[in-house]
Amino acid sequence: MKSFEHWDQDISPKMLGYAIVSMTIAVGILTLPRIITQNTQVFDGIISLMAGGVIALFFTYISAKLASRFPKQTFCAYAEKIASKYIAIVLTVVFALFFMLVTAFEVRMLANIAAKYLFDETPEEVISLTFFLVVIYAVSGKHVAILRLNLMFLPIFFAVLFSLLILNIQYLDLNHFTPFFTSSWRELLRGTFYAAANMIGLSIILFYVSFMRTPKKAPKAALIGALITICVNMIIFFFVVGQLGPVVTRNVLYPTIEMAKETKVPGEFFARFDAVFFTAWIMAIFNTTTMSLHVSTLAIDSLFKKMQKFRTILILAPIIFYVSMLPIDIIQIGLITEWLMGIGALMGMGVPALLYVAAILRKVKGNA
Amino acid sequence: MFFGWKKKNSRHLAKENDYPPNELLDTIEANIKQLNELMGTPIDFVSRYISIAGTDQKCGLVFLDDFCNKEIVNEHVIKCILSNEDKTIPSGKALLEYLKLKVIAVTKVEHAKNIDELFLSLLGGDTLLFVDGVKEALVLNTPSISEGRAIQEPVTEPLIRGPRDGFTESIRVNSMLIRNRVHDYNLRIETYNTGRRAKKKLMLFYINGIIHPELLKEVRRRLETLDIDDALESGIIEQWIEDSFLSPFPQVTSTERPDKVTAALLNGQFVILLDGTPFALIAPITITNTLHSPEDYYERWLTGTLLRLLRYGAAMLTVFLPAAYIALVSFHPGMIPSHLAFSMASTREGVPFPSMLEAILMETTMELLREAGVRLPKPIGQTIGIVGGLVIGEAAVAAGIVSPIMVIVVAITAISSFSLPYYGLAISFRVLRFSTMLAAGMFGLYGIILVFILICIHLANLQSFGIPYTAPIAPTFFGDWKEAVIRAPITMLGKRYKYLQPRDRQRLSKKRGN
């Protein structure tokens, strides 16, 4: 079935764009308004979000350029060409570990939030285990199917998100936005760091472009994808601050869900819109978790030639689950988040930038 | 592994059953005797010797009584041979040619050397003609007009507006129905013989120039691997050639409607007919195809589109409604508006079971009723309605076993599953419904969404003959949405489905096609 095959092998630019949006819309969409308002004054966080967005876009472009310079090659293969074999192996291992950590983090966050909003007694371990098993089932399928799931779930999530926002327009209070420009540049800079670091999922570009048939179109698709997430983050920030006010936003754990809690559906068919929003959000975080687990298996498979994907998953899964259950409470999870953002910024922005500069200086190219 | 085992086994069997001598003999008597003995000298085996008029040469006729059209044998074979006027006729192989060219007045005459082939024709109603000195026979096509079922409206797929004819059990009638509708010389029919013991005709229909050649190659490959004793129904062919036998979703549709088949052929799909069943197979299909009804096209576009949207809603209700009831009642009563929550709680007051048990009880009863309704002979079928409506509906509520809201839920679920146009899909949805109910009973809304994700993962991995089952939604072909998801006005449907990769995408003339 030759000519049908490309549907099962290759990723189209559209899919890459969807993947980036799905990957970067995760826990951050619930917590980012709080983190930004904690670091800046009133509504000035929007400036930080914008600046952070520009930085993220810049590194998205560099990552996509770097990956599309080496069509049909895994990250490990082209890192070896640019630097040396050992550096390539070390970088791949660090990426694998990083994405394993991201997976563990997402699984734990989901369990934590679900336990808070949906369940009374069910323990977090059970919630996260069931979720994680579903993720494992998805990753053990075809890799193109994982990306197709983005195409299915992302529109559902966006539909729910935007209906939430539209229902909330009536609650916007313009007094919450003033006064402007009261933050110091130091505060803005810190906000910018968090806004940019929220986009840590972007480094999946380095791994997914190798499946594309037309890698030349990757940078554009990646940029559009990243831009969508940045815009969504800004819109949500606008609505959350506009409805709850900066002080409340700073002090609730998940301000976006709190906003959804206040929403009233006309006709009162649902008494609580937050549960609907939350279910849609589970799909979004499912996509993020699946892709990060998938990328870590891809990274490990590229190191060991004879490894079967399913075996890799079987080895990784217990480790990830164990790690995800290590933090005791939400404060420890918060600490890990800070670490994760730091490492993510380094891996997602520093590494591709260095590699790209090195590739240009040493004039290394794909098919040479 | 699995297939290897099957192949090995069949080879072993073939050796054991290597009983019929596959060669014909020299004389008429020997040949006829051989055939008769191989069949175990049945009473309907008729053999007849005729000497060709005006000569001393003989020929022998063999046919099965009642199986072939005796009028044709009398008028166009025996009479013709007896009224031959040539005095000098050749012998041996030339005699066969002579008879074929100058004497016998039957439309279709073939040569056959192989005993297997001969039996196949004989059992199909043909007449065999032997002459001396040749290891070959003439096969005269004399099948009786089969007294099968007349063409009727299909019982399983009724339409309000649309043609009233349906397939019958005879493959000849069925292929004629298709040919009648597709007056295109590019319509191709490939015939296969299936079954190792009971040989049955299987026909593969497609339109050359529309269907993708690689798809065709794949179908042929799969059909050639068919290795079964007897293909009882097209469902057995379907299960043999489908992509994944673990999936609850049908990867091939079946239909009794020739108009549906025609539409599929023109889309670039292929169709398989099997002798002895009115159900034709259509493949490759996607999840959207299974929710379409031919009537979507016959009604005006607005009606068609709205009906389709209604059906998507019905599909969701079929799978998720009882689960949602369980989740709301036992996990998230806060999500229900408070007035409704109070009235629901008051109706549930005397119910002794948790909502999951209540729902599973009622749904199982509903499945039982439905199964019983199918199995019962028609005259007493109404009993089921009375028993179901009275006992299950009112009495169960009055006895305080279930709450009235549960009865409403079960009724809506049943009605939505009846509104799905393809029965095979409705069955798989019924299976999925029980899994969502279990998940909802354990994890509430969270469980439902996990099952929904699981179903989506499975669908994203599923294929029908190499076509992704979720096309055109994922992979996305927005151009196909106007026909696959909604039903745009006919004048706008200028191109065939892209996801099937037809060789000729233009359906309307270029001026309109967009």
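Letters A, B, ... mirror the listed sequences (proteins, then strands); counts begin at 1.
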*Which atom names give the shortest non-hydrogen contact between Ala460(B) and Ala145(A), and what distance separates them?*
O-CB, 3.6 Å
*Heavy-atom distance under 4.5 Å to chain B: side chain of Ile156(A), backbone, both or neither?*
side chain
*Going from CE on Met283(A) to CD1 on Ile449(B), what distance comes out if it is rounded to the nearest 0.5 angstrom?*
3.5 Å
*Under 30°, 30 to 60°, or over 60°: which ring-plane class applies to Phe153(A) and Phe452(B), parallel, tilted or perpendicular?*
tilted
_CZ (Arg220(B)) with more than 12 external heavy atoms under 6.0 Å_ = yes
*Based on non-hydrogen pairs under 4.5 Å, which of Ile453(B), Leu454(B), Leu450(B), Leu340(B) is most in contact with chain A?*
Ile453(B)
*Which heavy atom of Arg148(A) sits nearest a heavy atom of Pro475(B), and at what distance?*
NE-CD, 3.3 Å
*Taking side chain as C-beta onward, heavy atoms only, is Leu118(A) less than 4.5 Å from Phe443(B)?*
no
*Can you check whether Ile457(B) reaches Leu149(A) side chain to side chain, under 4.5 Å on heavy atoms?*
yes
*Can you tell me if CZ on Phe162(A) sees more than 12 non-hydrogen neighbours from other groups inside 6.0 Å?*
yes
_Interface moiety of Thr476(B) toward chain A, non-hydrogen atoms closer than 4.5 Å_ = both
*Counting only heavy atoms closer than 4.5 Å, note whether His339(B) contacts chain A via side chain, backbone, both or neither.*
neither
*Supply the atom-to-atom distance Leu151(A) CG to Thr470(B) OG1, rounded to the nearest 0.5 angstrom.*
8.5 Å
Could you pull out all donor-acceptor pairs under 3.5 Å where a side-chain atom in residues 129-138 of chain A meets a protein atom, sequence neighbours excluded?
residue	atom	partner	partner atom	Å
Thr130(A)	OG1	Val126(A)	O	3.0
Thr130(A)	OG1	Ile127(A)	O	2.7

*For atom NZ of Lys309(A), is the number of surrounding heavy atoms from other residues, nucleotides or ligands below 6.0 Å larger than 12?*
yes
*From His332(B) NE2 over to Phe119(A) CZ, what is the distance, rounded to the nearest 0.5 angstrom?*
6.5 Å
*NZ (Lys220(A)) with more than 12 external heavy atoms under 6.0 Å*: no
*Inspect the surroundings of OH in Tyr312(B) and state if more than 12 heavy atoms from other residues, nucleotides or ligands are less than 6.0 Å away.*
yes
